[in-house]
Every structure is written in C-alpha cells, then in structure tokens.
Amino acid sequence: MPELPEVEVVRLGLQPAVTGATVTAVTVLDERSLRRHPGPAEDFVDRLTGARLAAPSRRGKYLWLPLKTQEIPPENGALSPNGPKSDGSPAFSEAVVVHLGMSGQVLVRDRDTDDRITRIRLDLKHPVAGQVRLNFVDQRIFGSMAIDELIPDGGGRVPRSVAHIARDPLDPLFDDREFFRRLAMRRTGIKRALLDQTLISGIGNIYADEALWAARVHYDQPTATLSRPRAKRLLDEVRSVLGKALVEGGTSFDWQYLNVNGEAGYFAHSLNAYGRQGEPCARCGRPIVRETFMNRGSHFCAYCQRVR
DNA sequence: CCTCACACCTGGGTGC
DNA sequence: TGCACCCAGGTGTGAG
C-alpha cells in the first residue's frame, strides 16, 4: 500500500520511539516476512537482540534502522562509548531494513499489546519512552524485514539492498537534470518510468496517477516524446502531490494504511484521479476512466490527458 | 544494458 | 451462508 508519503509518516512516527532504544526481544511469528533476510530466522533474532537502534532513515519506500550490536562494557572509566568497537569495525555498520510492500504496517504499541496479522514483533526499551513494542503487520507478506550491511553512498550510507534505488524527488540531493536526461533516454511510457524505483523513487500507483492527472499527461505518453517543459511540469506535480499527501498524513482507504499509532491519513479526500473512475474530472467534468495497465488500474481523464 | 511479464501472497468486498 | 471471483498502495527475477 504505502508509497513515499505513507512510509515517511511511518518513519516520523518511529523516530521518537526507536532512536536510542535497545532491542530486548525479537519474535518471528511468520518467517515469510524474513524472505529478504540473508539467513535463518534465528540469525535475525540473534543479531537484533541486544542491539541499540539509531534514528530511522528512508530512501523511496525503504526504511531502515541502523543498529549497533551491544558491546561488552569495558573496564571502569570506559573510553569513547560511541567510538568503534574493540574489533575495529565501525559502529552502526548494519541496519534493519523494513519494506512495507503492499500491505505492511509498523505499529508502535505499549508493552504486551498484540495486533492481528503481526508477522514480527520487536520489544524495545527506550530511555524516555520506556518499554515499547513494534508490531510489523503485513497481510500479503510482500513486505519484509532484514538485517543488511550499510555501505557508503553519496556521502551517506545505505543498506546494500537499497543501493540500487534512486533518490526520491523530495531528497535535496535528487538531481533534476539527470532525471530528465535519463527519462529522455527511455523507450517506454511515462507511467512505467515514474514507477521505476531505479529512476525516481517513492512514487507508486496512486501518486503516479495523481501527478499525471495534475500535469495533464497520459500514462502511456512515450518518455522520449515528452517535452522538457512538460517533464518539468510533471516533476513539479510529483513533488506537489507527494508533499501535500505527506502533510495530510498519507492516503488511507481502510485499516491497511495507518500510521504507527493506528491513525488514518486524510489525503484520500484530495484524490483527483485514483479510484475515481466514473466520477467527474475536477477540471473538465468528463468522467474519469480506469484502464488496466501493468496489471493494475490506471485512472485518468481521457480528455485532459491525451498522448501528444 | 534495457524493457516487460510474471510470480510472490492474503483477505476483504461483491454478486450469484 | 457459501463460494467463486475480482480487487488491492510493490518489487525482484529472468526471458527476450
């Protein structure tokens, strides 16, 4: 379900509860949610239990919590508590990578609180928040948790499994010109390109349809024929729709997208195309059409959005 | 290298 | 009630 705004809402919600917390217990209720973890469930549990968590990061729809394995406290008068471990490996060289897939949620709960369809449970002890529980809930199990190595990337560090993901358009280091250049090189339709996370990340089916509607671009407009001004306009609309959705707390149609506190976002009220088939276009009044494209729905105004 | 179809999954809603 | 069928916000993989 979740696209960039929803994942960012989760990241913001996790921040106060996990930053500086120590993992006291890990319970894997369904090993399929560890599909992307390189190793058995016991390995995931062992490496995570006792680890200390740093502030959550995100790229596109991927979220990760850097972790530092619990050190054996040195003799009295410890030196550099935040320095490298005694074996010389840097602190926070690994992270728990979370991807919500189509239906994942991370719920921050009081200790002992359970949720339906919880696949993985992390019990934490936070210096301020006290005992908290993170329930990773995922109906369809397209999401996952995994421990992965952090590798250098553009001045920062990202999990190895996330390195192929492009920066998202809200990232200050997103390179507009490079995006336009690569877009023009493609031999495909614009919606396919917007959904390609190695070209631009964070956009999914809802926000692709919304941005295309706002920019009056047909979903199958060949990228190579999209003029630079239209491409710029489209990127502006992508940023606009993602930004507005983030402020509104994301798009919630049902219980499947909720923030870490179990609350819904409000952006569903602001949708102009997605899920509005048969309803009038907010610009021209003609009905919004739904077509199957890439095994999913594409919603657009057949009058305002034409290939040209 | 690029592009695209497909597999991977569960459960909620709808219509008969 | 039961049941078949359709729908769902994503991504890695491998064929061409």
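Values reported hereafter were calculated over all heavy atoms of this structure, with side chains retained and with hydrogens, waters and symmetry mates removed. Throughout, protein chains are lettered first and strands after them, A, B, ... in sequence-line order, and every chain is numbered starting at 1.
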* Structure fact -> Note: for Ile165(A) and Arg140(A) on DNA chain C, the residue whose nearest nucleotide lies more 5' is Arg140(A)

* Asked: Thinking salt bridges, do Arg58(A) and Asp168(A) make one under a 4.0 Å N-O criterion?
  ->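 A salt bridge is present here (some side-chain N lies under 4.0 Å from a carboxylate O).
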
* Determine, for Arg233(A) against Glu237(A), whether the closest basic-nitrogen to carboxylate-oxygen distance falls under 4.0 angstrom. =>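 Result for this pair is yes, salt bridge flagged.
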
Nearest whole Å is fine: how far is [N] [atom2] from [X] [atom1]?
X         : N       : atom1 : atom2 : result
Arg35(A)  : dG10(C) : CZ    : P     : 16 Å
Glu3(A)   : dA8(C)  : CD    : C1'   : 12 Å
Gln197(A) : dG10(C) : CD    : P     : 8 Å
His37(A)  : dG12(C) : NE2   : P     : 17 Å
Ile141(A) : dT11(C) : CD1   : P     : 17 Å
Asp138(A) : dT11(C) : CG    : P     : 13 Å
Leu195(A) : dG10(C) : CG    : P     : 7 Å
Arg160(A) : dG12(C) : CZ    : C1'   : 17 Å

* To do: Might you point out which heavy atoms bring Leu67(A) and Arg47(A) nearest each other, and give the distance in Å?
  =>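 Nearest pair, atom of Leu67(A) first, then Arg47(A): CD1-O, 4.4 Å.
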
May I ask you to say what [X] touches in the nucleic acid, namely base, sugar-phosphate or nothing, with a heavy-atom cut-off under 4.0 Å?
X         : answer
Tyr274(A) : sugar-phosphate
Tyr62(A)  : sugar-phosphate
Arg116(A) : sugar-phosphate

* **G-U wobble or Watson-Crick pairing nucleotide for dG9(C) (cut-off 3.5 Å, both distances)** =>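 When the pairing criteria are applied, nothing turns out to pair with dG9(C), so the answer is none.
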
* Identified pairing partner of dA4(C), criterion: Watson-Crick or G-U wobble below 3.5 Å -> dT14(B)

Looking at [X], I'd like to know whether one of its side-chain N or O atoms comes within less than 4.0 Å of OP1 or OP2 on [N].
X         : N       : answer
His164(A) : dG12(C) : yes
Lys61(A)  : dT11(C) : yes
His99(A)  : dG10(C) : no

* **Contact interval (first through last nucleotide) of DNA chain B with protein chain A, 4.0 Å heavy-atom** =>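 Endpoints of the contacted stretch of DNA chain B: dT3(B) to dG12(B).
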
* To do: Determine if Tyr257(A) stacks with dG9(C); use a centre-to-centre distance below 5.5 Å and an interplanar angle below 30° as the criteria.
  => no

* **Pairwise P distance, dG12(B) and dT11(C) [rounded to whole Å]** =>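 Their P atoms lie roughly 23 Å apart.
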
* Asked: Can you tell me if Ser298(A) and Lys191(A) form a side-chain donor-acceptor pair at under 3.5 Å?
  ->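 Distance-only check passes for Ser298(A) and Lys191(A).
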
* Asked: Would Thr24(A) and Asp123(A) count as having a side-chain donor-acceptor pair, cut-off 3.5 Å?
  -> no

* Pair Tyr62(A)-Val7(A), side chain to side chain contact (heavy atoms under 4.5 Å, CB included): steps then yes or no -> CA-CA 8 Å; Tyr62(A) 285 84; Val7(A) 179; over 6 Å; no

* Asked: Of Arg187(A) and Phe142(A), whose closest DNA chain B nucleotide lies nearer the 5' terminus?
  -> Arg187(A)

* Asked: Hey, which of these two, Thr188(A) or Gln139(A), hits DNA chain B nearer its 5' end, going by closest nucleotide?
  -> Thr188(A)

* Asked: Just by distance, do the side chain of Arg239(A) and the backbone of Pro169(A) share a donor-acceptor pair under 3.5 Å?
  ->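 Yes, Arg239(A) side chain to Pro169(A) backbone: donor-acceptor pair under 3.5 Å.
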
* To do: Quick one: sort the Phe267(A) and Tyr207(A) rings into parallel, tilted or perpendicular, breaks at 30° and 60°.
  => tilted

